[in-house]
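Okay, structure first, notes after.
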Amino acid sequence: MSSITQQIQELLAPPVASTSQARTLEYLNTTYPSLDALIEGDNFDEAVKEAKASSDELRAQLEASTTGLSTKISGTRSSTSISIKSAKELSLTRHALVDQLATLEEDLVPSSKGKQKSLLEELEELHLRLAELQNSRQYVAVIDRSLALSEAAIAEVRLSSKGSISQSSLSQYMELQSFVSSVLEATASSTSSEPLRLDTFLREIRERTWKDIVGVLSETLLEAADALRWPTPIDPSSYRTIDPALRKSFESHFINLLNLQAAGEAINLAGDALNATPEKQKAA
């Protein structure tokens, strides 16, 4: 780099007059060793003309080079100034990025110096809480669905008790049974050594719903039996003398209760295996 700079400085330096004069004198001494040779020579005037023409040409080239050099230097300086300004801006940007990265690192990486949680720790905690809230929401949805099916099953049987009870009268209860079974199957893969409280709750809902359904029909049967003065014994011969409407009501409700038992057995609602809890199954 220094040699190039030195060459540029040499090229920019003005011509040395003493050097030119020494070369001219050496040329004259070599070409015209005496005054007579100079006077008698025919080429002196021609040499002067050629030297003048060469001098004019070199002067024109020098002016052109000087003008071009000034333009080049000006452009180079402008370009260099822009590059330096850009480099300074990039340097400032780099320092700003380094500061931002340091700040982010302090926020994300847990610090043992202070008790304040880092941003990363807060995000992880929020993520865990969100997962817990989602699980709780699913639990609530399952409980709400089971309670809604339980109420619908009891209402369906209550409505059907005015007529004839059949397996179709237990469609809502069968849906409840299917829903509970699907949830129990989904939670069977739990790694917990103890049964989930949700499983126990769903089994209790299913058992209580069935008891309430039986209770609905038992209540209507008792009302019909009260009309026959139950628990007063009724003689078979006198039974025929009772009001036919009361007898028909009692018989209808009694048959409904029998039909409910048959329907329950048909869909495995009254079996011990269906209503058994894990503790009962282990005991068996």
Side-chain angles (χ1 to χ4, degrees), residues 139-188 195-284:
Y139 267 57
V140 172
V142 169
I143 293 174
D144 182 70
R145 176 63 175 166
S146 62
L147 291 175
L149 288 174
S150 175
E151 294 177 0
I154 297 172
E156 183 181 36
V157 172
R158 192 183 301 278
L159 182 63
S160 300
S161 64
K162 299 178 181 180
S164 177
I165 294 294
S166 64
Q167 186 171 337
S168 61
S169 305
L170 300 174
S171 62
Q172 292 296 320
Y173 187 86
M174 287 188 289
E175 186 174 350
L176 172 64
Q177 177 194 8
S178 176
F179 177 73
V180 172
S181 299
S182 64
V183 175
L184 295 179
E185 182 180 356
T187 58
L196 296 177
R197 185 66 186 89
L198 179 63
D199 294 354
T200 305
F201 175 81
L202 291 178
R203 288 190 177 94
E204 292 174 353
I205 285 289
R206 184 176 59 187
E207 293 176 3
R208 187 173 70 246
T209 303
W210 178 252
K211 291 179 181 178
D212 290 343
I213 290 174
V214 175
V216 169
L217 296 184
S218 298
E219 182 180 354
T220 57
L221 178 60
L222 288 176
E223 290 176 357
D226 287 340
L228 300 179
R229 297 192 181 98
W230 183 86
T232 303
I234 299 177
D235 187 82
S237 59
S238 62
Y239 178 75
R240 298 177 182 176
T241 62
I242 299 176
D243 186 359
L246 297 178
R247 283 188 300 162
K248 183 178 180 181
S249 176
F250 174 77
E251 292 170 359
S252 174
H253 291 306
F254 186 78
I255 292 173
N256 277 344
L257 197 57
L258 294 178
N259 289 339
L260 177 66
Q261 181 180 358
E265 293 175 352
I267 59 178
N268 295 324
L269 295 178
D272 293 337
L274 180 63
N275 293 328
T277 60
E279 291 77 5
K280 292 180 181 179
Q281 292 178 351
K282 291 179 181 179

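The first residue of the sequence shown is numbered 1, and numbering continues consecutively from there.
- Minimum heavy-atom separation, M174 to Q167: CE-O, 3.7 Å.
- Summarising the geometry, atom OG belonging to S161 is positioned 11.5 Å from atom CD belonging to E156; distances are rounded to the nearest 0.5 Å.
- Residue-environment remark: CZ (R247) exceeds the threshold of 12 foreign heavy atoms within 6.0 Å.
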(Q) Let's go through L217 and H253 carefully: what are the C-alpha distance in whole Å and the side-chain angles of both, what is the deciding distance for side-chain contact (heavy atoms from CB on, under 4.5 Å) to 0.1 Å, and is it a yes or a no? (A) CA-CA 7 Å; L217 296 184; H253 291 306; over 6 Å; no
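- The shortest heavy-atom contact between I205 and S146 is CG2-O, 4.1 Å.
- Across all non-hydrogen atoms, the minimal contact from T209 to A153 is CG2-CB, 4.0 Å.
- Looking at residues two or more places apart in sequence or on another chain, you find a side-chain contact (heavy atoms from CB on, under 4.5 Å) between S218 and V214, L257.
- Here the side chain of N256 pairs a donor or acceptor atom with the backbone of I165 at under 3.5 angstrom.
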Might you work through the side-chain contact (heavy atoms from CB on, under 4.5 Å) test for S181 and S178, ending with a clear yes or no?
CA-CA 5 Å; S181 299; S178 176; 5.8 Å; no
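- Separation of atoms CG (L170) and CH2 (W210) is listed at 5.5 Å; rounding is to 0.5 Å.
- The shortest non-hydrogen separation linking L176 to R206 is CD2-CA, 4.4 Å.
- By the side-chain contact (heavy atoms from CB on, under 4.5 Å) test, D212 is found to be paired with I154, R208, residues two or more places apart in sequence or in another chain being considered.
- Closest of all the heavy-atom pairs between F254 and L221 is N-CD1, 3.6 Å.
- Within the model, atoms CD of E207 and CG of L202 stand 11.5 Å from one another, a figure rounded to the nearest 0.5 Å.
- In terms of the side-chain contact (heavy atoms from CB on, under 4.5 Å) criterion, residue partners of L246 (sequence neighbours excluded) are, by chain and number, A227, L228, I242, D243.
- The existence of a salt bridge linking R145 and E175 is confirmed by a sub-4.0 Å separation between a basic side-chain nitrogen and an acidic carboxylate oxygen.
- Put simply, the side chain of S252 never gets that close to the backbone of S249: no donor and acceptor are under 3.5 Å apart.
- Side-chain atoms of Q172 do not come within 3.5 Å of backbone N or O of A152 as any donor-acceptor pair.
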